[in-house]
Q: 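What follows is a structure written as structure tokens; I'll ask about it next.
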Amino acid sequence: MKYWLMKSEPSEVSIDDALRIGAAPWFGVRNYQARNFMRDQMQVGDGVLFYHSSCDEPGVVGIAEVASTPYPDATQFDAKSHYFDPKATPENPRWILVDVKAIRKTRVLSLAEMRANEDLASMVVLQKGSRLSITPVTVAEWKVVLKLLDKK
DNA sequence: GCCAACGTTGGC
DNA sequence: GCCAACGTTGGC
């Protein structure tokens with residue numbers, strides 16, 4: 001069992017959208033490192049911190065879990081999609097995803113608050129220049145974040 | 001809107 | 001295989 005932080009722009013898919021939709025494909029990842037995490041390392045049941053990025057108050061806003069094994073991202077084959085990839089074919093797909101199921105909404109644990117917490121200093125997502133939309137979270141970090149989320 | 005940091009592309 | 005130019009992410 002592993003833990004992850006996954007970024008989503010709320011204007012695309014917010015935590016409220018995710019809760020309404022239920023288990024859904026985490027489409028649109030076009031970074032190889034992030035893809036490889038989904039393809040090679042994620043397992044059904046892994047814990048996910050649902051993070052809002054590119055918005056007024058970036059931060060963790062909910063808890064989710066990995067809900068499928070990896071399979072090809074359908075948007076890569078759709079010429080009308082923003083995520084279309086002309087170099088990908090169904091026989092030779094480039095982009096692989098998993099389904100993610102939102103479990104609950106939490107308070108916003110803002111990026112600023114996370115940065116201010118010494119116990120989270122090692123989090124990959126907080127490292128300078130980190131832009132990865134999917135990053136691993138250690139068990140220790142997961143526990144600290146959950147405690148902070150349930151506070152107040 | 002700015003810009004730092006990083007990833008990708010493509011010429012050589 | 002190198003690396004400059006360009007594109008993207010994402011916080012501020």
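First the proteins, then the strands, lettered A, B, ... as listed; each starts at 1.
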Q: Would a distance-only check, ignoring hydrogens and angles, find a side-chain to backbone donor-acceptor pair under 3.5 Å from A/His52 to A/Val61?
A: no
Q: Taking OP1 and OP2 of B/dA5, is either one under 4.0 Å from a side-chain nitrogen or oxygen of A/Lys128?
A: yes
Q: Answer yes when A/Lys7 and A/Glu12 have at least one side-chain N-carboxylate O distance shorter than 4.0 Å, and no when they do not.
A: no
Q: Between the side chain of A/Arg39 and the main-chain N/O of A/Leu97, is any donor-acceptor distance below 3.5 Å?
A: no
Q: Provide the full list of side-chain hydrogen bond (donor to acceptor under 3.5 Å, both in side chains) pairs with a residue in residues 59-76 of chain A, sequence neighbours left out, each pair given once.
A: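 The answer is A/Arg30-A/Asp73, A/Arg30-A/Thr75, A/Tyr71-A/Asp99, A/Asp73-A/Thr75.
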Q: What pairs with A/Lys87 under side-chain contact (heavy atoms from CB on, under 4.5 Å), at least two apart in sequence or on another chain?
A: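 Scan of A/Lys87 (side-chain contact (heavy atoms from CB on, under 4.5 Å), adjacent residues dropped) gives A/Asp85, A/Arg94.
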Q: Of the residues in residues 78-98 of chain A, which ones touch DNA chain B at a heavy-atom distance under 4.0 Å?
A: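 The stretch gives none, as no residue of it lies under 4.0 Å from the strand.
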Q: Taking the six-membered ring for Trp, are A/Trp4 and A/Phe37 parallel (under 30°), tilted (30 to 60°) or perpendicular (over 60°)?
A: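 If you compare the ring of A/Trp4 with that of A/Phe37, the planes turn out tilted.
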Q: Provide a list of protein-nucleic acid N or O atom pairs under 3.5 angstrom, restricted to nucleotides 10-12 of chain C.
A:
{"from": "C/dG10", "atom 1": "OP1", "to": "A/Lys7", "atom 2": "NZ", "distance (Å)": "3.0"}
{"from": "C/dG10", "atom 1": "OP1", "to": "A/Arg131", "atom 2": "O", "distance (Å)": "2.6"}
{"from": "C/dG11", "atom 1": "OP1", "to": "A/Tyr51", "atom 2": "OH", "distance (Å)": "2.8"}
{"from": "C/dG11", "atom 1": "OP2", "to": "A/Ser54", "atom 2": "N", "distance (Å)": "3.0"}

Q: I'd like to know if A/Leu19 and A/Val98 are part of one continuous hydrophobic network [Ile/Leu/Val/Met/Phe/Trp/Tyr, side-chain heavy atoms within less than 4.5 Å].
A: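 Linked, A/Val98 and A/Leu19 end up in one cluster.
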Q: For A/Gln43, does its backbone N or O pair with a side-chain atom of A/Asp46 as donor and acceptor, under 3.5 Å?
A: yes
Q: Taking everything shown except A/Asp40 itself, do over 12 heavy atoms lie less than 6.0 Å from its CG?
A: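 For A/Asp40, atom CG is crowded (more than 12 foreign heavy atoms under 6.0 Å).
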Q: In degrees, rounded to 10°, what is the bend between the two ends of the helix from B/dG1-C/dC12 to B/dC12-C/dG1, using five pairs at each?
A: 10°
Q: Cluster question for you: counting only ILVMFWY and a side-chain heavy-atom cut-off of under 4.5 Å, with indirect links fine, are A/Leu132 and A/Val100 together?
A: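 Hydrophobic grouping puts A/Leu132 with A/Val100.
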Q: Could you identify which residues of residues 32-40 of chain A place a heavy atom less than 4.0 Å from some atom of DNA chain B, listed by residue number, or say none?
A: A/Tyr32, A/Gln33
Q: Could you tell me whether A/Phe84 and A/Trp95 have their ring centroids closer than 6.0 angstrom?
A: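 That pair fails the under 6.0 Å test.
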Q: Rounded to the Å, how far apart are A/Arg30 CZ and B/dC6 C1'?
A: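 Interatomic distance, CZ of A/Arg30 to C1' of B/dC6: 19 Å.
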Q: Between A/Asp17 and A/Lys105, is the closest basic N to carboxylate O distance under 4.0 Å?
A: no
Q: Do you know which two heavy atoms are closest between A/Ala34 and A/Asn31, and how far apart they sit?
A: N-OD1, 3.0 Å
